[in-house]
Amino acid sequence: MNDKENEIYMEFDAVSENERLARVVIAAFLARLDPTVEQLEDVKTAVSEAVTNAIIHGYEEKGGKVVMRASLSTEDMLEIHICDTGVGIADVEQAMQPLFTTGADKERSGMGFSFMEAFMDGVEVESCVGEGTKVHMWKSFAECVEAQPILQAAVWNRDGRL
């Protein structure tokens, strides 16, 4: 089990303006890791999709509270939980299929969970109709130590050095 090095907890109103707030907060939280622009954008997009789902689908844009918890482990593993107490999801497996949406009449693309899965190392969703939804995502920021010598050897061999 990873030991938590730092953790944040934030509760905010389920209004679209706060989706931007969640993106800024998670970016600031990750700053000490000095992530690449791509890594930072991946996490911000995943958070944005989870928060937007809570606001639009969880609360059907009628208001409520969204909770975002994030933690960094001593192994540089980021974990994020986005939770709502909205309407819940009847069939999580179906909801996580690309292009599935309950908001087709509102021009929703049905790609929220797909983006979360593409940009994070893992995504799990728990939901109960009438009780809400919890999205748990994680991403490792640890360097792969074993990859460096292999890459160096490939470069050296190409240049004729061993």
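In this chain, residues are counted from 1 in sequence order.
Hydrophobic clustering (side-chain heavy atoms under 4.5 Å, transitive across Ile, Leu, Val, Met, Phe, Trp, Tyr) groups Val135 together with Leu72.
Between the side chain of Ser71 and the backbone N or O of Glu7 there is no donor-acceptor pair closer than 3.5 Å. No side-chain donor-acceptor contact under 3.5 Å links Tyr59 to the backbone of Asp84. Checked by atom type and distance alone, the side chain of Lys139 pairs as donor or acceptor with a backbone atom of Phe119 at under 3.5 Å. For the pair Glu60 (side chain) and His57 (backbone), a donor-acceptor distance under 3.5 Å is absent. A donor-acceptor contact shorter than 3.5 Å links the side chain of Ser127 to the backbone of Gly132. Between the side chain of Asp13 and the backbone N or O of Val15 there is no donor-acceptor pair closer than 3.5 Å.
Here the side chains of Ile82 and Val66 are in contact, with some heavy-atom distance below 4.5 Å. Residues Val37 and Leu40 have side chains not in contact (no heavy-atom distance under 4.5 Å, counting atoms from C-beta outward). Residues Ser73 and Asp3 are not in side-chain contact: their nearest non-hydrogen atoms beyond the backbone lie 4.5 Å or more apart.
In this pair, Trp138 and His136 present their aromatic rings tilted. The plane angle is within the 30 to 60° band.
The heavy-atom pair separating Arg23 from Ser48 by the smallest distance is NH1-CB, 3.6 Å. Taking all atoms of both residues into account, the shortest heavy-atom contact from Ala22 to Val47 is CB-CG1, 3.9 Å.
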For this session: Show the numbers, then the answer: is there a salt bridge (Lys or Arg N to Asp or Glu O under 4.0 Å) between Glu5 and Arg32?
Result: CA-CA 12 Å; Glu5 183 176 289; Arg32 78 146 189 89; 2.6 Å; yes

For this session: Mind running salt bridge (Lys or Arg N to Asp or Glu O under 4.0 Å) on Glu49 and Lys44 for me, showing each step along the way?
Result: CA-CA 9 Å; Glu49 292 295 335; Lys44 287 170 48 179; over 6 Å; no

Exercise. Given Thr52 and Glu19, is the side-chain hydrogen bond (donor to acceptor under 3.5 Å, both in side chains) satisfied, shown in steps?
Worked result: CA-CA 6 Å; Thr52 298; Glu19 174 269 332; 4.8 Å; no

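With Phe29 as the fixed residue, the side-chain contact (heavy atoms from CB on, under 4.5 Å) test singles out one of Ile8, Val24, Ile80, Val43: Ile8.
Crowding of Glu11 atom CD: a count of heavy atoms from other residues, nucleotides or ligands under 6.0 Å exceeding 12.
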